[in-house]
Amino acid sequence: AFVALMLGLLTVRLAGHYLVLGTLVWAIGLFYLFCNLPGLGGFNGDGREARRTELYFVEECRFGPDGLLYILDWNNHMLRRMEDDGTISRVCGAGIPGDSEGAPMDTQLNHPSALDFDAEGRIYMAAWHNHKVKVYDPTGPVPTVYTIFEEGVSGLWRKAKHAEAA
């Protein structure tokens, strides 16, 4: 608290271009103070009780057709789910930002930001940073994640929407 007070007083006394520098120092200090405190985001694994599970900026929560709560864990780059027993599990996402397809736990998502479901049980996720829509498809013999829309490749999106309407 003393350090924060001193930084605040120093920032108030600065003028001109030094004020910008002081403001940056203040912002960096706050970032390191609050971003390193436990409980303000992180990942502590799967299978924990919901109230003991660390999430890192939840973007959206929705109940799926199966009645379970699905959670887009934005900064952990994952889709997670609250199971019937109250634990949180990972549905897909490797936990690092990127762009890949395939096995759900190995798939890289890039800040998933929107979520929807279809009648067959597929889950659609929009990724904010790479402008893609990915689908988690558990209906086949092996669950998989694939891309159905990329910015500038709208034909894929129209084809997917047309198939969905049929």
| task | Please step through side chain to side chain contact (heavy atoms under 4.5 Å, CB included) for the pair Arg90 and Phe43, ending with a clear verdict. | result | CA-CA 11 Å; Arg90 185 179 346 176; Phe43 178 73; 3.6 Å; yes
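- With hydrogens and angles left out, the side-chain atoms of Asn75 and His111 include a donor and acceptor closer than 3.5 Å.
- A distance-only check finds a donor-acceptor pair linking the side chain of Ser100 to the backbone of Gln108 [under 3.5 Å].
- Side-chain contact between Leu68 and Glu83 is present, with heavy atoms from C-beta onward closer than 4.5 Å.
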| query | Do Thr139 and Glu120 pass the side-chain hydrogen bond (donor to acceptor under 3.5 Å, both in side chains) test, and can you show the C-alpha distance, the side-chain angles, and the key distance before you say yes or no? | reply | CA-CA 7 Å; Thr139 61; Glu120 286 80 34; over 6 Å; no
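- Counting all heavy atoms, side chain and backbone alike, Ala127 lies closest to Ser113 at C-OG, 4.3 Å.
- Within the model, atoms NE2 of His131 and CG of Asn110 stand 9.0 Å from one another, a figure rounded to the nearest 0.5 Å.
- The side-chain heavy atoms of Glu60 and Ile71, taken from C-beta on, include no pair separated by under 4.5 Å.
- Within the model, atoms CG of Leu55 and CD1 of Ile88 stand 6.5 Å from one another, a figure rounded to the nearest 0.5 Å.
- Between the SG atom of Cys92 and the CZ atom of Arg81 there is a distance of 10.0 Å, given to the nearest 0.5 Å.
- In this structure, the separation between CG on Leu69 and CZ on Arg80 is 12.0 Å, given to the nearest 0.5 Å.
- Under a 3.5 Å cut-off, the side chain of Thr144 and the backbone N or O of Asp137 do not form any donor-acceptor pair.
- Residues Val91 and Met82 are members of separate hydrophobic clusters, defined by side-chain heavy-atom contacts under 4.5 angstrom among Ile, Leu, Val, Met, Phe, Trp and Tyr.
- Listed for the Asp85 side chain is a donor-acceptor partner under 3.5 Å among the backbone atoms of Thr87.
- At a cut-off of 3.5 Å, with distance as the only test, no side-chain donor of Thr147 or Lys132 sits close to an acceptor on the other residue.
- Scanning all heavy atoms of the two residues, the minimum distance from Pro104 to Pro143 falls at CD-O, 3.3 Å.
- The backbone N or O of Phe117 sits nowhere less than 3.5 Å from a side-chain atom of Arg122 that would complete a donor-acceptor pair.
- By the rule that hydrophobic residues join a cluster once side-chain heavy atoms approach within less than 4.5 Å of another member, Leu109 and Tyr70 end up as members of one cluster.
- Ring orientation note: the planes of His129 and Trp74 are tilted relative to one another, at an angle of 30° to 60°.
- Of the possible donor and acceptor atoms, one in the side chain of Asn44 sits under 3.5 Å from a partner among the backbone N and O of Arg52.
- In Asp84, the CG atom is not crowded: 12 or fewer heavy atoms of neighbouring residues, nucleotides or ligands sit closer than 6.0 Å.
- For Tyr136 and Tyr146, the gap between ring centers reaches or exceeds 6.0 Å.
- Residues Leu79 and Val58 fall into different hydrophobic clusters, defined by Ile, Leu, Val, Met, Phe, Trp and Tyr side chains chained together at heavy-atom separations under 4.5 Å.
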| query | After noting the C-alpha distance and the side-chain angles of Glu101 and Lys134, does the key distance pass the side chain to side chain contact (heavy atoms under 4.5 Å, CB included) rule? | reply | CA-CA 8 Å; Glu101 300 178 348; Lys134 294 197 180 276; 4.1 Å; yes
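- Judged purely by atom type and a 3.5 angstrom limit, Asp106 has no side-chain atom pairing as donor or acceptor with the backbone of Ala94.
- Remark: the backbone N or O of Leu72 is not paired with any side-chain donor or acceptor of Glu59 at under 3.5 angstrom.
- Formation of a donor-acceptor pair under 3.5 Å by the Thr53 side chain with backbone atoms of Glu49 is found in this model.
- There is no side-chain donor-acceptor pair under 3.5 Å between Asp73 and Tyr56.
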